[in-house]
Colleague: 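Once you've had a glance at the structure underneath, I'll fire off some questions.
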Protein chains: 2
Amino acid sequence: MIRIKKEIFDRMEELSPSERKVARALLADYPSSGLGSTGQLARAAGTSAPTVLRLVARLGLGSYAEFQKHLRDEIMHDLNAPVRRAESEAPREDRTDVGRSLAERRDLLDRLGSTVSGSEIERAARLLASEPKAVLISGGYYSRFLAEILARQLDQITPNIDFLPDPLGYNVGKFYGAKRNTVVVLFDLRRYQLEAAQVAALAKREGASLIVITDEEISPIADKADVVLAVPVGGIPFDSFAPLMVLVEVLVEAVLRAAGQKGIDRMKLWEDRSYLERTPHPQPDEAASPSQEAS
Amino acid sequence: MIRIKKEIFDRMEELSPSERKVARALLADYPSSGLGSTGQLARAAGTSAPTVLRLVARLGLGSYAEFQKHLRDEIMHDLNAPVRRAESEAPREDRTDVGRSLAERRDLLDRLGSTVSGSEIERAARLLASEPKAVLISGGYYSRFLAEILARQLDQITPNIDFLPDPLGYNVGKFYGAKRNTVVVLFDLRRYQLEAAQVAALAKREGASLIVITDEEISPIADKADVVLAVPVGGIPFDSFAPLMVLVEVLVEAVLRAAGQKGIDRMKLWEDRSYLERTPHPQPDEAASPSQEAS
DNA sequence: GATGGTTCGAATCGTTCATAACAAAAAACC
DNA sequence: GGTTTTTTGTTATGAACGATTCGAACCATC
């Protein structure tokens, strides 16, 4: 039995950019978005119907009808899985409030595995580990914290990392400095900020590569992005940052792998320095750019 | 949410003979047979397309498209049900590097449920929701970010929240200000900083309640704490903040519940203000203390 | 065996569909 | 820098679609 989802995951690499957009749209609302017409899926992905068909063809399916047939088989199979039967018909064990909050976030994390494909993370990691002239990282009101954590951790692996607290304000010069060979990482979550769109436009205009980290219903700026990493955020009653946090960490580890020995060397350097600096007076606070120790 | 399957079961009686044939065909190969065209379903049922449409109309749906929409919602709901653990869905065994990083964090989260008890979180939440004169929140080099996220979110629920970037420096006055009825939240993770011990000692000397958030092998300052929330951090090859992030979110939700209507009112106030402030100029950046919108 | 009320499918209409062919645009290559 | 190759949206077309209409078939009751 062909598993469409797995197939898409595995072959994400060999897809063309527009085909990837379709793949992302499909995974973001899987499998529902694949059950409509080619036009609907194309619209959701921001491309055209023929592109959808080209994706289908690349998966080895001869027609859209065949694609949908496989999809439906997959649904039938998953829905009738014996495990599911037992659990879905038995009433969910009632839990405490805390237990429920916790379980909900664990579920989000499970879903993270299927909304963002490993190869996309790898692609982002390769971009970041290629020692670009500059890596600019920025985020929104809350996501800026995640952005900053990413910046600090990346800084330990590879040079030229910059966290921009105010990308359109006093930080704007960074974009004009290094033209090519710049990578911009942008966090843009629900309640998408117009600012993010401006930053994205600016980045692309200057020829930078753009990595966008967004939630499932995918930020409007995702079109412009070279890599889109979509995470589930839940939203009942609040959005959760847990999957985002995990994505950041997974990405960092992937970058470390991609950077190889260079990254390890830099990290060691880091540790030495940190010990030297820590003993005198513990942590005199610091500005935007990352510096010393851990915890 | 309308459950097509249940609806059909319940109303089987009031259907006409041909409609019943359609219903049977649908249930026999559910939900797959409903995802095709009216003609296909009609053929499977041995009737005609109009009969299918009449059945749909009798279920109270205005069109076949609407019928399929409900079907797909149902599929989405069932497929994303929080059961999907032991099941085939995701690339389980393919053990890529990314997959492994991810799985490891999910395991950490599973462990979180057993390292920190719900009642401890509730106790911390009650403390924080009791409207103390001051709530002082601080953290280490990395954990400060989590501390700040906690501060911002708590600030939306209950007043008098303060994030202290430098608790022993220029922020130290906060500890001397309000004597009793102060709650101090301290993040202290592996490579425990001596600073944290000093802050803890100071806090207790001034009679404040102390909540310590630490990792499993428990910070030396935990002795002094009124509530200790211990999270697993993993540490292979790096510590993960994901469980910490989750703990923060779960704690915030618990505080919201404990604060009751007051908390909700304050949150609403917040939203209103945020909309007022957001429209003029989008986020001119800000200092440490929490202010307006989201994302 | 006529009557009124359902039930049902053939025929039909306008729309949307999947798909192939094509051309513009972008990327990659030498 | 120019040329191939790839990518991608537009257009065209015939088939299939959902939905409606309408008359035939059926069933009960008198």
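In what follows, chains carry the letters A, B, and so on, assigned in the order in which the sequence lines appear, proteins first and then strands, with residues in each chain numbered from 1.
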Colleague: Which residue, A:Arg43 or B:Thr51, contacts DNA chain C at a nucleotide closer to its 5' end, judged by nearest heavy atom?
Modeller: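 Here B:Thr51 is the residue nearer the 5' end.
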Colleague: Round to the nearest Å and state the distance from A:Leu41 atom CG to C:dT16 atom P.
Modeller: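 Distance, rounded to whole Å: 18 Å.
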Colleague: Would you confirm whether A:Asp162, through its side chain, and A:Leu136, through its main-chain N or O, come within 3.5 Å as a donor-acceptor pair?
Modeller: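 Checked: no pair found.
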Colleague: Ignoring hydrogens and angles, tell me if any N or O in the side chain of A:Ser143 forms a donor-acceptor pair with the backbone of A:Gly139 under 3.5 Å.
Modeller: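 Answer holds: no.
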Colleague: Ignoring hydrogens and angles, tell me if any N or O in the side chain of A:Thr182 forms a donor-acceptor pair with the backbone of A:Ala208 under 3.5 Å.
Modeller: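 No: the side chain of A:Thr182 does not pair with the backbone of A:Ala208.
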Colleague: Check the pair A:Ile149, A:Arg152 against side chain to side chain contact (heavy atoms under 4.5 Å, CB included), reporting the backbone distance first and the verdict last.
Modeller: CA-CA 5 Å; A:Ile149 291 175; A:Arg152 290 217 185 177; 5.9 Å; no
Colleague: May I ask you to decide if A:Glu131's main-chain N or O and A:Asn160's side chain share a donor-acceptor pair within less than 3.5 Å?
Modeller: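 No.
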Colleague: Is there a donor-acceptor pair closer than 3.5 Å between any side-chain N or O of B:Glu74 and the backbone N or O of B:Ile4?
Modeller: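 Yes; at least one donor-acceptor contact below 3.5 Å.
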Colleague: Which salt bridge (Lys or Arg N to Asp or Glu O under 4.0 Å) pairs, counting each pair once, include a residue from residues 48-71 of chain A, with sequence neighbours left out?
Modeller: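 Sorted result for residues 48-71 of chain A: A:Glu19-A:Arg58, A:Lys69-A:Asp73.
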Colleague: Do any of residues 119-131 of chain A sit with a heavy atom less than 4.0 Å from DNA chain D, and if so which?
Modeller: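 Nucleic-acid contacts, sorted: none.
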Colleague: Using a heavy-atom cut-off of under 4.0 Å over every strand shown, decide if A:Ser48 touches base, sugar-phosphate, or nothing.
Modeller: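 If one applies the 4.0 Å heavy-atom cut-off, A:Ser48 turns out to touch a base.
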Colleague: Which atom pair, heavy atoms only, marks the closest approach of A:Lys204 to A:Ser209?
Modeller: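 Shortest heavy-atom separation between A:Lys204 and A:Ser209 comes out as NZ-CA, 4.4 Å.
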Colleague: Among B:Lys5, B:Arg3, B:Arg11, find the one that has a side-chain contact (heavy atoms from CB on, under 4.5 Å) with B:Glu7.
Modeller: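 One option only clears the test, and that one is B:Arg11.
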Colleague: I want to check something: taking the side chain as every heavy atom from C-beta on, are A:Leu247 and A:Leu229 in contact at a cut-off of under 4.5 Å?
Modeller: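 They are in side-chain contact.
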Colleague: Using heavy atoms and a sub-4.0 Å distance, could you list which residues of residues 15-24 of chain A are near DNA chain D? By number, please.
Modeller: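 Within residues 15-24 of chain A, the residues near DNA chain D are A:Ser16, A:Pro17, A:Ser18.
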Colleague: Output yes when a side-chain donor or acceptor of A:Thr214 lies under 3.5 Å from a complementary backbone atom of A:Asp188, and no otherwise.
Modeller: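 Yes, because the side chain of A:Thr214 sits within donor-acceptor range (under 3.5 Å) of the backbone of A:Asp188.
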Colleague: On DNA chain D, reading 5' to 3', which nucleotide is the first and which the last to sit with an atom under 4.0 Å from a heavy atom of chain B, could you check?
Modeller: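 Terminal contacting nucleotides, 5' to 3': D:dC17 to D:dT20.
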Colleague: Give me the distances for all protein-to-nucleotides 18-22 of chain C N/O pairs that come in under 3.5 Å?
Modeller:
residue: C:dA18; atom: OP1; partner: A:Thr38; partner atom: N; Å: 2.9
residue: C:dA18; atom: OP2; partner: A:Thr38; partner atom: N; Å: 3.0
residue: C:dA18; atom: OP2; partner: A:Thr38; partner atom: OG1; Å: 2.1
residue: C:dT19; atom: OP1; partner: A:Tyr64; partner atom: N; Å: 3.4
residue: C:dT19; atom: OP2; partner: A:Tyr64; partner atom: N; Å: 3.0

Colleague: I need the full list of side-chain hydrogen bond (donor to acceptor under 3.5 Å, both in side chains) pairs touching residues 38-50 of chain B, with sequence neighbours left out, sorted by first then second residue.
Modeller: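 Residue pairs passing side-chain hydrogen bond (donor to acceptor under 3.5 Å, both in side chains), neighbours aside: B:Ser48-B:Thr51.
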Colleague: Has A:Glu249 got a side-chain atom pairing as donor or acceptor with B:Phe241's backbone, closer than 3.5 angstrom?
Modeller: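 Side chain of A:Glu249 to backbone of B:Phe241: a pair is present.
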